[in-house]
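In what follows, chains carry the letters A, B, and so on, assigned in the order in which the sequence lines appear, proteins first and then strands, with residues in each chain numbered from 1.
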Amino acid sequence: MAAEYDVSALRVEGLWKWFGPRCPRCSTGREEALERNYCPDCGTVYALRDLSFRLFEGEVLGVVGESGSGKSTILNCLYYDMEPSAGAAYLSSFEGGESDVFSVSAQAKRTVRNTLLGKVYQNALLGLKMGFSSISNVAEKLIASGDRNASRMEARAVELLGHVNIPPYRMRENPEFFSGGMQQRVQIAKALSNNPPVLLLDEVTTGLDLSVQAKVLDLVKQIQRELGISMLLVSHDLGVVRMLADRTVVMLNGKVVEAGLTDQILEDPQEPYTQELVHSML
Amino acid sequence: MDAMLAIEGLGKTFSVHQLGKRIKACEGIDLAVAAGEFIGITGRSGSGKSTILKLIYRSYLPQKGRAWYRSERFGPIDLFQTSERQILYLRRREIGYVSQFLNLVPRTTARDSIEQAALEVGMGSERAREEAERMLRHFELDEELWDSYASTFSGGEKLRLNVARAMVKHPRLLLLDEPTASLDERSKGKVRELIGKLKAEGTTMLGIFHDLRFMEGLCDREYGMGLGRFVSDALPVAGAPP
């Protein structure tokens with residue numbers, strides 16, 4: 001366990017993402033100009049509105065909120081799957097945390113994505129190439145991060161797939177023949193392959209049956225404990241966040257409505273939305 | 001004697017949005033706990049005893065007042081103002097909390113759950129293992145259960161595990177919220193024995209117990225919630241650190 005408690009791994013400042021033309025009414029981003037996150041005049045949808053947070057080294061930060069609250073958009077922006085409309089993000093592992101990773105060159109962005117970040121998608125179709133073997137899927141990330149040694153990459157892929165409990169006799173199979181839980185585990189192996197300091201997890205257990213959910217969550221917890229990777233954990237499930245995250249951010253309509261220690265969010269929620277969310281827990 | 005913990009003007013009101021109501025839990029609480037002292041908080045149900053402990057541990061968001069704590073790592077700090085990251089550090093290394101409610105990690109064996117707690121305070125893995133076994137033995141958990149998931153345990157067994165996890169860390173400050181509420185006499189005795197041991201080691205404790213007999217001889221002073229003051233003053237009250 002790291003003795004340092006206040007070292008940032010990732011700092012996000014004033015992140016915005018909107019879809020649409022924007023108009024004088026909504027471009028201020030003010031609450032009263034919008035219906036939830038939608039401008040009735042020009043039809044612009046605000047997925048993220050002025051989001052700022054820090055992810056500390058070795059911590060799991062939970063991001064909860066209903067569908068459409070903007071949770072996944074954060075990860076999409078950070079992993080360059082989507083271009084942010086405004087804002088900055090700093091990774092302490094990139095140029096000493098001095099450079100905004102959104103405004104660097106395309107080549108630098110590739111380096112950040114391939115060597116400093118890992119992402120597990122809710123939909124395995126986005127995270128894996130279904131027509132290639134599991135070993136190749138892991139190797140793909142290693143190639144992207146600059147490895148060119150085939151036998152070393154294969155050894156690393158086998159090691160990682162073993163770590164996420166894919167049996168050796170199935171590692172050469174294509175993930176299209178795998179169950180949802182196995183696909184998530186292959187994604188986790190792939191995301192970990194380049195030893196990223198920051199891992200982005202998007203609804204990793206959604207749609208999996210309970211016993212498989214438990215295995216994936218235990219795996220994430222184990223990885224966090226053993227490797228001390230910082231994780232941004234997006235989930236609509238408060239149970240998942242309670243199990244894994246020390247701190248939690250609650251989102252609604254593209255904004256953070258509440259942030260705090262996870263147990264405080266669950267035991268003493270302040271905002272009407274958070275109270276409703278907590279009371280909706282099964 | 002210096003205070004390890006000094007609460008000044010603590011107050012908490014909950015806003016329940018669904019009811020459109022504000023519910024006052026407590027108000028104007030001042031109390032100081034000297035280093036190595038054990039303070040018992042007494043009062044009827046609903047008088048806000050647990051609220052005080054949860055505010056100190058920050059499971060509840062502080063509103064009014066201060067909670068000075070003399071941290072080994074950070075020096076004197078106000079727990080109500082300190083950052084979440086500092087609180088998380090203190091929870092791992094300095095401040096323990098045990099309640100009557102079970103907070104066990106799912107799919108973790110009894111042995112592992114105590115061991116992990118010991119590792120968090122920086123014990124070596126071998127020592128953590130030994131200490132975990134010592135705890136399991138002390139609380140007379142059947143050896144057959146050591147490697148079973150705690151979720152399969154009886155209520156009393158879980159509770160004993162809860163206490164063991166907090167105590168194996170030898171915390172500097174221990175908050176006890178009726179950890180013996182549903183234990184039989186024999187198990188209560190075991191908890192009492194460990195509390196006595198921690199006290200001898202200098203652990204500062206703030207505890208709530210319904211069973212007043214349990215507190216006899218352990219507790220240095222008693223704070224009466226309804227009265228808003230100390231009922232028995234066996235020791236002098238120390239001032240708050242600067």
**Request:** Please look at B/Gln86 and chain A and tell me whether the side chain, the backbone, both or neither of the residue comes under 4.5 angstrom of a heavy atom of that chain.
**Result:** both
**Message:** Quick check on B/Tyr60 against chain A: is it the side chain, the backbone, both or neither that has a heavy atom closer than 4.5 Å?
**Reply:** both
**Request:** Give a yes or no on whether the backbone of A/Met243 and the side-chain of A/Lys221 come within a donor-acceptor separation of less than 3.5 Å.
**Result:** yes
**Request:** Select one option (side chain, backbone, both, neither) describing which atoms of A/Ala214 are under 4.5 Å from chain B's heavy atoms.
**Result:** both
**Asked** Where does the angle between the aromatic ring planes of A/Tyr5 and B/Tyr89 fall among parallel (under 30°), tilted (30 to 60°) and perpendicular (over 60°)?
**Response** tilted
**Request:** Can you tell which part of A/Glu271 gets under 4.5 Å to a heavy atom of chain B, answering side chain, backbone, both or neither?
**Result:** backbone
**Message:** Between A/Tyr90 and A/Phe102 (judged by ring centroids, cut-off 6.0 Å), do the two rings come close enough to count as a pair?
**Reply:** no
**Asked** A/Gln275 versus chain B, heavy atoms under 4.5 Å apart: side chain, backbone, both or neither?
**Response** side chain
**Message:** For the residue pair A/Ser211 / A/Asp209, report whether a side-chain donor-acceptor contact shorter than 3.5 Å exists.
**Reply:** yes
**Request:** Kindly indicate, with the supporting measurements, whether the criterion salt bridge (Lys or Arg N to Asp or Glu O under 4.0 Å) is fulfilled by A/Arg49 and A/Glu31.
**Result:** CA-CA 10 Å; A/Arg49 289 188 282 158; A/Glu31 202 72 37; 3.6 Å; yes
